[in-house]
Structure formats: C-alpha cells, structure tokens
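Shown next, in structure tokens, is the structure this report addresses.
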Amino acid sequence: MPELPEVESTRRHLAPVLEGKRIVAVSVRRDRMVRHHERPGDFADRLTGRSVRSLGRVGKMLRASLDGDLTWVVHLGMSGRMAIHRSEDPEAPHTNVVVRLDDGTEVRMVDPRTFGFTAVLTPEEMRTGVGSGWGPDALDDLPSARRLADALEGRAAPIKALLLDQRLVAGLGNIYADEVLFRARIRPGRAGGSLTTDEVGRLRAAVRPVLEAGLRHGGTSLGDLAYLLPDGRAGNYLRRLRVYGRAGERCRRCGGTVERSVIRSRSAFWCRGCQR
DNA sequence: AACGATCCCTGTTGGC
DNA sequence: TGCCAACAGGGATCGT
C-alpha cells in the first residue's frame with residue numbers, strides 16, 4: 001500500500017525520467033483512473049505536448065509541474081504503482097494509463113483495484129480541487145507539537161483515525177500510522193483530545209523516524225498486491241514493521257502479543273504492554 | 001462541525 | 001478439491 005515513503009521512493013525514481021522531457025502521447029485504458037475532470041477528455045488533451053518541469057509530492061500525491069501552468073497529479077490509491085518502460089516492452093496486467101515521452105520512455109500507471117487516480121489541473125483547480133484541503137506534508141512540513149496539540153484539543157475521534165485524516169497531516173496511511181503510534185507508545189483507540197502534552201510530543205517526534213526508516217528501505221511491499229518501485233523491485237521495510245500485520249505475534253520490544261482491533265472499519269495493530 | 005458509515009474495486013484467502 | 005463469501009483499504013460522499 002503506497003503511503004508517504006512509497007510515494008516518495010516513486011518520486012525519486014521518476015523525477016530523472018520525467019524532468020525536462022516532453023509528453024508525446026497519452027493513452028487512458030480505464031476511464032475510472034481519470035478523475036476530478038469536468039470533461040474526462042481534458043486529461044489527455046492537457047497532458048499531450050507538455051514538458052515536465054519538476055516532479056514534487058505532497059502527502060501521498062505526486063505532482064508534476066508542466067509548462068502552461070498545469071499540474072499533472074497522480075495518486076496511487078491502495079494498489080497503484082508507476083512503472084518505467086521502453087515503449088516496445090510488454091505491458092503488465094492492469095496497465096491503466098500510459099504516458100509516452102519524447103525519448104521513447106513510457107511511464108505506466110498500473111493499478112488493479114483502481115482506487116488510484118490521475119488528473120491534469122489548472123492553477124484554479126489546484127486551489128479548490130482534489131488535495132487542496134489536505135494538511136501539511138508529514139515529512140517535509142510536519143507541524144510543531146504545539147500546533148498538533150491545538151488540532152487535537154477536544155477531539156473525541158480515535159487518534160488513529162485522526163492520523164489517517166489527510167486534512168490534519170498528509171502522508172500517513174494505515175501501516176505507518178500504526179507504526180508511529182507504537183513508537184510513540186500510544187494506543188490507537190485513544191481519543192485525540194485525551195493525549196497529554198508529553199504524548200503529543202512523542203507522537204510528533206515519532207513521525208519522522210518512522211517515515212525515514214520506511215524510505216531508507218524503499219517502502220513496504222505487503223500482501224496480495226505488493227507495492228513495487230518503478231523499476232519493478234519490491235521495498236523491504238515489511239520485515240522491519242513493529243506492529244502492522246503482526247496480530248498474534250510477539251512484540252519485538254516487550255515480548256507480549258500484538259493485538260488487532262478495528263477502528264473506523266480499518267485494522268489497527270498495537271501492543272497492550274507498550275502502548276498506553 | 002465532528003464523527004461514523006458506506007461505497008468504489010478485484011486478487012487472494014478462508015471456510016465449508 | 002472446488003466454490004463463493006469475506007476481506008483488504010484511500011478517499012469521496014452522505015447521514016446523523
């Protein structure tokens with residue numbers, strides 16, 4: 001599942017491939033992948049012929065800055081990946097969007113479950129449309145403990161749910177939210193507003209090390225639809241996870257048993273001995 | 001406004 | 001062994 005470290009790994013692979021190149025052809029094989037357009041045809045029309053200035057990222061969203069003040073946004077959803085190929089290479093199953101560059105390279109969006117999406121947006125659409133309501137990036141722009149405490153004050157929702165809410169902080173998904181809470185020693189079901197000043201500080205301090213550890217290992221490749229880097233390799237952070245996906249297994253820190261509960265119809269993994 | 005539930009989608013898994 | 005229901009989950013949307 002691509003979360004911030006996986007998306008950032010993807011960005012680092014793709015940036016040298018895309019930057020300075022011109023897009024010469026665009027093919028959409030699954031219409032559902034193109035979203036947030038009033039007219040879906042605008043996607044290919046706007047993208048074709050543009051040059052890529054730079055490739056950035058906010059939260060889990062890739063943002064390619066194009067000439068003509070347009071932005072090509074890509075969200076990988078839960079099963080998406082970007083693949084880099086020569087145009088003559090065979091296509092993987094579920095290749096849903098293909099973008100050909102002027103040097104013969106193809107960037108292919110592969111996504112079996114099509115929870116991902118892509119769009120080309122004007123500056124006005126960037127201000128008001130998808131992603132405009134998302135909060136600061138969890139890695140590059142993490143709010144201070146003070147600001148986090150203010151945001152959490154009075155909140156009854158479980159802290160796990162608040163970490164997944166991209167409006168507060170953008171980039172955490174189910175895996176890294178659980179890993180951050182384990183590192184901060186806070187139970188996922190705790191009401192956001194119940195965290196002490198010290199706990200908010202620990203939470204804030206846990207975000208960067210957890211995300212950077214994921215990034216160092218190329219992200220987490222897990223389960224039936226493993227996330228793959230654009231060169232086809234798997235990330236290997238999976239075996240370093242402390243709690244996520246480890247229900248019934250021994251806690252690496254205290255030796256207790258990792259538990260699984262359901263919060264907001266999503267799995268939460270945590271250790272009763274380590275987290276309060 | 002805050003919170004929770006529902007939906008989208010499909011490969012894999014688990015139960016019978 | 002074979003079949004099918006359940007499961008996984010990011011984010012939009014809707015109801016309370």
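Here is how names work: the chains are called A, B, and so on, in the same order as the sequence lines, proteins then strands, and each is numbered from 1.
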Exercise. The side chain of W134(A) lies closest to which of these nucleotides: dG9(C), dC9(B), dG11(C)?
Worked result: dG11(C)
Exercise. Will you find, in the side chains of R32(A) and T114(A), an N or O donor that is under 3.5 Å from an N or O acceptor?
Worked result: yes
For this session: Would you mind classifying the nucleic acid contact of P158(A) as base, sugar-phosphate or nothing, using non-hydrogen atoms under 4.0 angstrom?
Result: sugar-phosphate
Seminar exercise, completed: Rounded to whole Å, CG of D165(A) lies from P of dT13(C) at a distance of 15 Å
Exercise. Within less than 4.0 Å of OP1 or OP2 of dG11(B), is there a side-chain N or O belonging to H94(A)?
Worked result: yes
Problem set entry | Touch class at under 4.0 angstrom, heavy-atom based, for S267(A) against every strand present | sugar-phosphate
Exercise. In whole angstrom, what separates F117(A)'s CZ from dT13(C)'s C1'?
Worked result: 14 Å
Exercise. What nucleic acid atoms does A156(A) come within less than 4.0 Å of, heavy atoms only: base, sugar-phosphate, or nothing?
Worked result: sugar-phosphate
Seminar exercise, completed: Between R266(A) and L162(A), whichever has its closest DNA chain B nucleotide further toward 5' is L162(A)
Problem set entry | Y176(A) OH - dG10(C) C1' separation (whole Å) | 16 Å
Exercise. What's the CZ-P distance between R113(A) and dC7(B), to the nearest Å?
Worked result: 18 Å
Exercise. Are OP1 or OP2 of dG11(C) and a side-chain N or O of H75(A) less than 4.0 angstrom apart?
Worked result: yes
Problem set entry | Nearest-nucleotide pick for N174(A), side chain only, options being dG9(C), dT10(B), dA12(C) | dG9(C)
Exercise. Side-chain N or O of Q166(A) less than 4.0 angstrom from OP1 or OP2 on dG10(C)?
Worked result: no
Exercise. Are any of R32(A)'s side-chain N or O atoms less than 4.0 Å away from OP1 or OP2 of dC7(B)?
Worked result: no
Seminar exercise, completed: Heavy-atom nearest nucleotide on DNA chain B taken for R155(A) and for S265(A); more 5' hit belongs to R155(A)
Exercise. Taking everything shown except R53(A) itself, do over 12 heavy atoms lie less than 6.0 Å from its CZ?
Worked result: yes
Seminar exercise, completed: Rounded to whole Å, CZ of R167(A) lies from P of dT13(C) at a distance of 12 Å
Exercise. With centres under 5.5 Å and planes under 30°, do F115(A) and dG11(C) count as stacked?
Worked result: no
Exercise. Touch check for R35(A), heavy atoms < 4.0 angstrom, all strands: base, sugar-phosphate only, or nothing?
Worked result: nothing
Exercise. Rounded to whole angstrom units, what separation is found between the CD atom of E153(A) and the C1' atom of dA2(B)?
Worked result: 15 Å
Exercise. Got a second to check how far L168(A)'s CG is from R147(A)'s CZ, nearest 0.5 Å?
Worked result: 10.0 Å
Exercise. What is the distance from CG of D111(A) to C1' of dG11(C), rounded to the nearest Å?
Worked result: 13 Å
Exercise. Can you tell me how far C1' of dT10(B) sits from CZ of R30(A), to the nearest Å?
Worked result: 9 Å
For this session: Verify the distance criterion only: is there a donor paired with an acceptor across the side chains of R100(A) and S87(A) at less than 3.5 Å?
Result: no
Exercise. Does R260(A) put a side-chain nitrogen or oxygen below 4.0 Å from OP1 or OP2 of dA8(C)?
Worked result: yes
Problem set entry | Donor-acceptor pair between D198(A) and T196(A) side chains, under 3.5 angstrom | no
Problem set entry | Interatomic spacing from CZ in R187(A) to CZ in R272(A) - rounded to 0.5 Å | 5.5 Å
